[in-house]
2 protein chains.
Amino acid sequence: MNLQPLVLALLEGGPLYGYLIAQRARKKAGLKWEEGTLYPLLHKMERGGLVRSEWREAPGERRRKYYALTRSGHAALAGARTDWREQVKAVSRILLGGRHADAR
Amino acid sequence: MNLQPLVLALLEGGPLYGYLIAQRARKKAGLKWEEGTLYPLLHKMERGGLVRSEWREAPGERRRKYYALTRSGHAALAGARTDWREQVKAVSRILLGGRHADAR
DNA sequence: TTAATTACCTAGATAATCAAGGTATGAACC
DNA sequence: GGTTCATACCTTGATTATCTAGGTAATTAA
């Protein structure tokens, strides 16, 4: 399904940690989101420079690793939005019939 | 991207052979469709009972292997359409923002 | 007769995702 | 104090889809 764009979009509103990302995705989209997919993906995105991570700990709280979009992550998100709209159009044209789809 | 639903949709209008399916997909959707993907997919769909195939040859023409939807293929297509609409909604909600997407 | 297009195919590599675990901390309960 | 549940991170190995890069053979065009 290509989950990377969704991670980018969820991080647009500000830094989040992995566990929260998974929850948001489930809640917002009903996607079953395996942690075995999410964490390696986050690591890969960090290696690719799309996000940066930072451990945060407060006394009496558990450690959480927050991920934030980089400049290049913002750019990738913009590209992913365009790609998605085009993909919706292309697939819908074939799958749903003549009229083009409206991705919004 | 999951190409199987597209094959099912293209076959809805009547039997087609593989090479034509690839062309239609490219023309209709601008998808670069590798034959190394298409033929194994058709074989798998035939094993799964979604399509059946038949060689046709006319004098002075080349042999072509036509694929046609089975009853179960039609059912799978209906399911794929529903799935696609839901997926567009879910992904668009996260990726494009608040309002749900209209897959048609 | 040579080259391009049509039409089928396969084998191996790559990439994304899933399944199924593991570790450790904090909260809730009795 | 001990148990259990939810949180929060992670990895390894398998599965699956797709791509790359070929191969074969027949028809058409130059």
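The chains referred to below are lettered A, B, ... by the order of the sequence lines, with proteins before strands, and numbering in each begins at 1. Hydrogens, waters and symmetry mates are skipped; everything else that's a heavy atom, side chains included, is used.
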K.L.:
What is the distance, rounded to the nearest whole Å, between atom CD of B:Glu35 and atom P of D:dG23?
P.N.:
15 Å
K.L.:
Can you check whether A:Arg64 has a side-chain N or O nearer than 4.0 Å to OP1 or OP2 of D:dA8?
P.N.:
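Checking D:dA8 against A:Arg64, a side-chain N or O does come within under 4.0 Å of OP1 or OP2.
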K.L.:
Quickly work out the B:Leu16 CG to C:dC8 P distance and round it to whole Å.
P.N.:
10 Å
K.L.:
How close or far is atom C1' of D:dT27 from atom CD of B:Glu57, stated in whole angstroms?
P.N.:
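In whole Å, D:dT27 C1' lies 14 Å from B:Glu57 CD.
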K.L.:
Toward the 5' end of DNA chain C, which comes first, A:Glu61 or A:Leu3, by nearest nucleotide?
P.N.:
A:Leu3
K.L.:
What is the distance, to the nearest angstrom, from the CG atom on B:Leu41 to the C1' atom on D:dC19?
P.N.:
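Interatomic distance, CG of B:Leu41 to C1' of D:dC19: 14 Å.
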K.L.:
Between D:dT11, D:dC10, C:dC9, which nucleotide has the shortest distance from any of its atoms to the side chain of B:Trp55?
P.N.:
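The listed nucleotide nearest to B:Trp55's side chain is C:dC9.
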K.L.:
Is A:Lys44 close enough to C:dA16 that one of its side-chain N or O atoms is under 4.0 Å from OP1 or OP2 there?
P.N.:
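Yes, such a contact exists.
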K.L.:
Nearest to the B:His43 side chain among C:dT6, C:dC9, D:dC10, which nucleotide is it?
P.N.:
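Selected nucleotide (nearest to the side chain): C:dC9.
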K.L.:
I want to check one thing: is the phosphate of D:dA17, taken as OP1 and OP2, less than 4.0 Å away from some side-chain N or O of B:Thr37?
P.N.:
no
K.L.:
How many Å lie between OH on B:Tyr39 and P on C:dC8, as a whole number?
P.N.:
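It is 4 Å, rounded to the nearest whole Å.
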K.L.:
Which heavy atom in A:Tyr19 sits nearest to a heavy atom in A:Tyr39, and how many Å separate them?
P.N.:
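Answer, listing the atom of A:Tyr19 first, then A:Tyr39: N-OH, 3.7 Å.
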K.L.:
Using a heavy-atom cut-off of under 4.0 Å over every strand shown, decide if A:Leu20 touches base, sugar-phosphate, or nothing.
P.N.:
nothing
K.L.:
Mind checking if A:Gly36 touches a base, just sugar-phosphate, or nothing, with heavy atoms under 4.0 Å?
P.N.:
base
K.L.:
Grab the CG-C1' distance between A:Asn2 and D:dT16 for me, whole Å please.
P.N.:
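After rounding, the reported distance stands at 15 Å.
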K.L.:
Nearest whole Å is fine: how far is D:dT27 C1' from B:Tyr17 OH?
P.N.:
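Rounded to the whole Å, the gap is 12 Å.
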K.L.:
Write down the distance between OH (B:Tyr19) and P (C:dA7), rounded to a whole number of angstrom.
P.N.:
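Atom OH in B:Tyr19 sits about 7 Å away from atom P in C:dA7.
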